[in-house]
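The block underneath contains the structure these notes are about, expressed in structure tokens.
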There are 2 protein chains.
Amino acid sequence: MSGTPVSIQDLTKNQAMVFGALSTAEGPLSAYAILDRLRDQGFRAPPQVYRALEKLVEVGLVHRLESLNAFVACSHPACSGQATHGHEMIAFIICESCAKVTEINDSALADQLTHLARVQDFALRKTTVELRGLCRACSA
Amino acid sequence: MSGTPVSIQDLTKNQAMVFGALSTAEGPLSAYAILDRLRDQGFRAPPQVYRALEKLVEVGLVHRLESLNAFVACSHPACSGQATHGHEMIAFIICESCAKVTEINDSALADQLTHLARVQDFALRKTTVELRGLCRACSA
DNA sequence: ATGACACACGTTATATCGTTACGCAATGTG
DNA sequence: CACATTGCGTAACGATATAACGTGTGTCAT
Ligand SMILES: [Zn+2]
Ligand SMILES: [Zn+2]
Ligand SMILES: [Zn+2]
Ligand SMILES: [Zn+2]
């Protein structure tokens with residue numbers, strides 16, 4: 001490993017395949033759903049998927065949705081080559097009907113959370129913010 | 001059962017036992033950890049725990065921590081008899097070292113999240129906000 | 001009372017999600 | 001070359017959650 005590996009170009013074969021599966025998916029995929037989609041490309045067992053996901057999440061190309069036990073490709077504009085955006089203080093808006101996920105990077109929210117932690121003397125490492133409900137289309 | 005069932009007094013035997021296990025625990029417990037603690041009180045299988053948890057979460061006596069796949073008793077002052085506080089827009093601060101969980105009910109944060117949803121024309125149903133890191137004691 | 005229903009419960013099995021452990025091949029370094 | 005590192009494949013296992021079915025018990029209208 002030389003320097004910081006962040007770009008899509010630095011991905012290994014498996015990582016690229018998993019990222020591809022998530023990128024072309026319409027919504028979040030569970031690890032096993034990814035596995036199923038990649039079976040005819042040689043994937044056979046969970047560790048192959050989880051290892052790739054671990055790296056992809058680490059570099060910020062993929063996010064994990066805790067409330068869904070699933071993963072999505074980052075939708076940040078030029079994220080496909082950039083490291084972790086901001087400080088990983090991302091909010092996700094998840095439609096419970098159509099599974100559409102919107103990724104939100106709101107600095108006011110980030111400030112708010114930072115403040116909350118600060119008040120408690122808490123050394124913030126990672127935040128999970130997931131809003132569930134119905135998107136405009138589905139609640140119409 | 002008549003009217004709205006919210007108080008601890010309205011709980012069934014199993015629900016009361018699960019709530020008791022969570023209340024006396026120092027930190028969050030997984031469903032299986034609860035099961036283990038209740039084995040000598042007659043619990044034998046996961047559904048008994050999950051069914052009780054479902055109800056307890058529904059009435060707000062227990063919260064689920066998505067990022068931990070675990071559950072905590074509500075720490076709201078008089079929650080032991082009251083229904084869902086606010087609109088379930090609770091933030092949890094979770095220490096990754098000592099597992100201590102702090103439950104926070106911040107109206108500014110709630111407004112913030114409500115606003116975020118509003119901007120997206122999103123019908124908010126439930127929010128998950130979990131802050132992970134090190135508590136004051138553990139980061140010292 | 002008797003049947004219909006709802007509810008809590010017990011039990012078995014199964015589904016879904018995630019990790020450990022082991023071995024091997026390719027690569028890079030002294 | 002010896003040696004460490006990295007990515008990968010595979011088998012087995014562990015952890016989390018639900019489905020499906022049956023039983024008893026109370027309530028209530030007939
Ligand atoms: Zn992103
Ligand atoms: Zn939708
Ligand atoms: Zn609470
Ligand atoms: Zn701590």
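Sequence lines set the chain letters: A, B, ... in the order given, protein chains first and strands last, and positions in each chain run from 1.
Distance CD1 (B:I34) to C1' (D:dA15): 14 Å, rounded to an integer number of Å. One can place CE of A:M17 at 8 Å from P of D:dC8, the figure rounded to the nearest angstrom. At whole-Å resolution of the value, NZ in B:K13 and C1' in D:dG24 are 14 Å apart. In this entry the distance linking CG of A:N14 with P of C:dA26 reads 15 Å, nearest Å. Computed from coordinates, the A:E66 CD to D:dA17 P distance equals 12 Å when rounded to whole Å. The distance between atom CG of B:L53 and atom C1' of C:dC9, rounded to the nearest whole Å, is 15 Å. Straight-line distance from the CG atom of A:D36 to the P atom of C:dA15: 14 Å, rounded to whole Å. Regarding B:L35, its CG atom lies at a distance of 12 Å from the C1' atom of D:dA15, rounded to whole Å.
When only modelled atom types and interatomic distance are considered, A:S67 and A:R132 share a side-chain donor-acceptor pair under 3.5 Å.
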- Between B:E66 and B:T128, does a side chain to side chain donor-acceptor pair (under 3.5 Å) hold up when you go through it step by step? CA-CA 7 Å; B:E66 302 285 357; B:T128 299; 4.5 Å; no
Using a cutoff of under 3.5 Å, can you pull out all pairs of nitrogen or oxygen atoms linking the protein to nucleotides 18-23 of chain D, with atom names and distances?
none

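Contact annotation: B:N69 reaches the phosphate of D:dA17 (side-chain N/O to OP1 or OP2, under 4.0 Å). Within the 4.0 Å cut-off from OP1 or OP2 of C:dC17, at least one side-chain nitrogen or oxygen of A:S30 is found. In this model, the phosphate group of C:dC9 is approached by a side-chain N or O of B:T12 to a distance below 4.0 Å at OP1 or OP2. Residue B:Q48 places none of its side-chain N or O atoms closer than 4.0 Å to OP1 or OP2 of C:dC9.
A 4.5 Å side-chain heavy-atom check between A:I104 and A:L131 finds every atom pair outside the cut-off. Within the 4.5 Å cutoff, the side chain of B:L116 has heavy atoms near those of the A:D106 side chain. For the pair B:T102/B:F92, no side-chain contact is recorded, criterion being any heavy-atom separation below 4.5 Å from C-beta on.
Checking D:dG9, C:dG18, D:dT10 against every side-chain atom of A:R44, the shortest atom distance belongs to D:dT10.
Checking side-chain atoms of A:R118 against main-chain N and O of A:A123 turns up no donor-acceptor pair under 3.5 Å.
Between A:I94 and A:E130, the closest heavy-atom pair is CD1-OE1, 4.0 Å.
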